[in-house]
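Remarks on the structure that follows.
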Amino acid sequence: MAQQDEIFKKLVSHSKEYGFIYPSSEVYDGLAAVYDYGPYGSLLKNNIKEYWWKAMVQLNENIVGIDAAIFMHPKTWKASGHVDAFNDPMLDNKDSKKRFRADQLIEGVIEKLQDKINKEVEKAAKRFGDSFDEKMFRKTNPRCVEYAAKAADIDHRMNLHMKNGDMVGLKSMIDELEIADPDTGSRNWTEVRQFNLMFHTQLGNIAGEESKLYLRPETAQGIFVNFLNVQKSTRQKIPFGIAQIGKAFRNEIVARQFIFRMREFEQMEMQFFIRPGTQQDWYAKWKETRMAWHLALGTPQSKLRFKDHDNLAHYADAAVDVQFEFPFGFRELEGIHSRTDFDLGAHQELSGKKMQYFDPELGENYVPFVVETSIGCDRMFLAMMSHAFTEEDVPDAKGEDAKRTVLKLHPALAPVKCAVLPLLKNKEELTSAAMKIFNDLRYVVNCQYDEKDAIGRRYRRQDAIGTPYCITVDFQTLEDNTVTIRDRDTLQQERIKIEDIERIVLQKTDMRRLLEKL
RNA sequence: GCGGAAGUAGCUCAAUUGGUAGAGCGACAGCCUUCCAAGCUGUAGGUCGCGAGUUCGAGACUCGUCUUCCGCUCCA
């Protein structure tokens with residue numbers, strides 16, 4: 001574990017040192033849990049997005065892409081359940097220093113009351129034997145009735161406070177019910193404070209409730225509200241999908257672990273609209289499809305796994321995570337959710353606009369069901385970086401063991417595909433020949449020319465940013481128009497003709513090679 | 001928000017009991033160099049996180065403050 005921690009730290013500093021990820025606003029001492037993508041980082045991130053987009057949109061004639069705005073009508077978030085479900089009332093125990101959700105503490109009391117009722121029922125069942133009428137007992141037994149009434153009262157009042165955002169009311173309930181920290185028994189609580197997981201800003205210049213706008217906490221809603229627009233303008237028939245890549249914002253209480261949990265992040269989401277009742281088949285199909293997408297990158301099966309959700313979100317009837325083994329353990333990378341007709345149904349209800357599809361085969365209208373695939377772009381980035389980051393021993397110029405740090409990124413994802421290097425800087429014939437090759441190749445792939453320092457050092461610099469291939473121009477080049485091409489992972493060199501460089505580099509690094517595996 | 005740790009050059013870290021801020025690596029320039037972090041020379045880069053206090057004198061001691069990291073609570 002300590003070793004894993006060490007590797008993670010090295011990855012973080014490597015990311016900064018080589019221009020992948022910088023802490024945000026570093027000159028002002030940084031901004032917690034916000035990061036900027038540097039030159040190589042943004043190239044890598046774009047390649048990840050391209051791989052996803054092409055796999056989803058380009059290769060599926062029944063999936064189309066959109067780019068919806070981050071700002072949406074505030075009612076969107078009312079319909080989606082985010083306004084209500086993402087306001088968490090929290091309080092701390094001053095003695096144990098632990099933090100709790102006020103509503104969960106109060107619900108604990110309700111659960112205890114229900115346990116008491118169940119115990120009464122059990123006792124009575126034993127007493128009365130076969131003649132026991134449980135329903136009647138629950139309704140008539142004075143203790144059961146009392147407990148049930150109390151539970152209902154607490155539940156009712158809590159919901160009222162939650163609805164009104166009445167933090168003081170929640171706190172007074174906690175005092176009144178004499179709720180204690182379950183571990184320590186302490187009742188020394190702070191005030192209840194509200195944590196809203198959505199960021200907001202205002203539309204127009206006048207601040208006020210009516211002009212309050214949220215920064216979207218998920219991209220999915222931009223897809224749902226455009227469902228009919230897209231279906232009609234692209235003449236799609238169910239089943240079909242809408243894909244989108246975009247930023248989302250969540251005011252996490254604690255954002256940690258580098259870019260794994262950020263307050264501003266990027267999602268790659270696809271909502272697949274289907275006939276009600278077919279959701280299980282499509283859920284299974286997308287689980288399989290998405291896993292294949294991950295495996296095509298060469299990520300070992302052992303680093304990926306499915307993890308079913310224990311608690312389903314308010315909109316889902318089935319949910320599974322694709323987890324990746326990060327340096328800090330298996331964590332969620334992608335979610336696949338069967339979202340039922342919850343979202344479209346909610347928008348239909350709140351907007352008063354029909355969100356229905358006429359199915360010509362069935363000859364009827366219905367609100368489609370949805371299976372969602374949602375992957376965190378930044379998490380995918382971190383997964384690729386942490387899998388690729390390698391420190392290994394290789395022989396140096398004297399044949400002794402030396403360390404090299406190399407990013408073994410999939411060639412199709414690598415930010416720079418190829419470096420063109422003259423063996424020596426001070427031989428004009430070599431540099432001009434190399435420059436000529438470089439100026440030709442740059443039209444085809446992202447490549448670099450480097451003549452500074454000894455050749456070995458230049459190779460290592462390219463290793464550090466994950467460049468899969470290095471073309472070296474040497475004296476033999478001047479005689480027979482051949483160059484060497486060095487493989488990042490094997491360090492093997494092959495001699496190839498200059499005229500073949502473009503074809504060979506493309507063949508090895510083109511996204512096509514990756515997409516064909518799907 | 002609470003608790004813990006840490007802030008000195010781009011990076012990693014030094015600086016005896018308080019006495020003029022250094023090294024290695026990296027960067028840049030030049031020379032040299034025929035394939036895996038080579039050598040030589042030179043250059044740039046720091047109000048020691050910030051603010052007070054103690055002292056003849058503070059990077060070091062005291063107090064405050066800010067930021068980051070780790071843990072806890074939350075995580076669609």
Side-chain angles (χ1 to χ4, degrees), chain A residues 5 8-10 12-14 16-19 22-23 25-33 80-82 85-105 181 183 190-191 193 195 197-198 217-218 220-221 248 250-258 260-261 263 267 269 309 311-316 319 321 328 331-332 335 337 339 342-343 372 374 376 394-400 402-406 421-427 430 452-464 470 472-477 483-484 486 488 491-493:
Chain A
D5 268 9
F8 186 50
K9 275 185 192 157
K10 280 184 184 169
V12 172
S13 57
H14 188 91
K16 185 185 161 199
E17 190 174 353
Y18 287 94
Y22 310 124
S25 324
E26 209 186 359
V27 294
Y28 294 108
D29 293 324
L31 185 62
S80 69
H82 286 83
F86 283 73
N87 280 321
D88 292 339
M90 314 284 291
L91 78 171
D92 295 332
N93 187 282
K94 290 180 190 167
D95 296 323
S96 67
K97 311 293 182 199
K98 298 247 170 134
R99 175 169 289 176
F100 297 88
R101 260 174 66 175
D103 55 325
Q104 285 180 349
L105 286 176
D181 181 324
D183 295 330
T190 62
E191 293 308 303
R193 289 180 307 266
F195 286 78
L197 271 72
M198 283 195 289
E218 63 175 17
Q221 298 305 326
R250 294 179 193 175
N251 199 1
E252 303 282 354
I253 300 162
V254 171
R256 285 284 160 80
Q257 272 145 346
F258 197 36
F260 182 80
R261 179 166 293 115
R263 298 203 166 96
Q267 294 185 307
E269 290 200 313
H309 280 211
N311 301 313
L312 291 174
H314 57 275
Y315 53 70
D321 287 343
F328 40 85
R331 293 294 144 81
E332 179 190 350
H337 304 136
R339 289 182 81 131
F342 175 88
D343 299 277
E372 162 191 273
S374 172
V394 292
D396 66 7
K398 293 167 196 141
E400 287 167 21
K403 279 249 182 301
R404 87 164 173 153
T405 303
V406 52
L421 317 168
L423 184 59
L424 299 174
K425 184 175 83 165
N426 59 355
K427 295 282 183 290
L430 294 181
K452 181 93 172 77
D453 299 314
I455 188 75
R457 182 185 295 265
R458 283 178 272 161
Y459 286 145
R460 297 299 169 84
R461 266 207 290 269
Q462 295 300 330
D463 289 342
C470 290
T472 302
V473 172
D474 57 14
F475 290 99
Q476 192 179 330
T477 307
V483 293
T484 62
R486 167 197 183 261
R488 175 195 68 199
L491 303 178
Q492 294 303 306
Q493 284 178 297

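Per chain, numbering begins at 1; letters A, B, ... match sequence-line order.
Partner assigned to B:A44 is none, using Watson-Crick or G-U wobble distances below 3.5 angstrom. The partner of B:G57 cannot be assigned: no Watson-Crick or G-U wobble pair with both contacts below 3.5 Å exists in any strand. Base-pair partner of B:U68: B:A5 (Watson-Crick or G-U wobble, both distances under 3.5 Å). With both pairing distances under 3.5 Å, B:U17 is matched to nothing as a Watson-Crick or G-U wobble pair.
Comparing B:U33, B:U34, B:C35 by their nearest atom to the side chain of A:Asn426 picks out B:U33. For A:Ala454, the side-chain atoms get nearest to B:A38 when compared with the rest of B:G10, B:C35, B:A38. Comparing B:A27, B:C35, B:C32 against the side chain of A:Tyr459 picks out B:C35 as the nearest.
Regarding contacts with the backbone of B:U34, every side-chain N or O of A:Lys427 stays at 4.0 angstrom or more from both OP1 and OP2. The phosphate of B:G26 (OP1 or OP2) has a side-chain N or O of A:Arg457 nearer than 4.0 angstrom. Between A:Arg460 and B:A38, a side-chain N or O to OP1/OP2 separation shorter than 4.0 Å is absent.
For B:C35, its base never sits under 3.5 Å from the side chain of A:Arg486 at any donor and acceptor pair. Applying the 3.5 Å distance criterion, the base of B:C35 shares a donor-acceptor pair with the side chain of A:Gln493. A donor-acceptor contact under 3.5 Å is not formed by the side chain of A:Arg458 with the base of B:C36.
Within 4.0 Å of A:Ser13, counting heavy atoms only, lies no atom of the nucleic acid at all.
Side-chain contact between A:Tyr459 and A:Arg404 is absent, with no heavy atoms from C-beta onward closer than 4.5 Å.
Separating the CD atom of A:Glu17 from the P atom of B:A9 is a distance of 15 Å, rounded to the nearest angstrom. Separating the CD1 atom of A:Ile455 from the P atom of B:G39 is a distance of 17 Å, rounded to the nearest angstrom.
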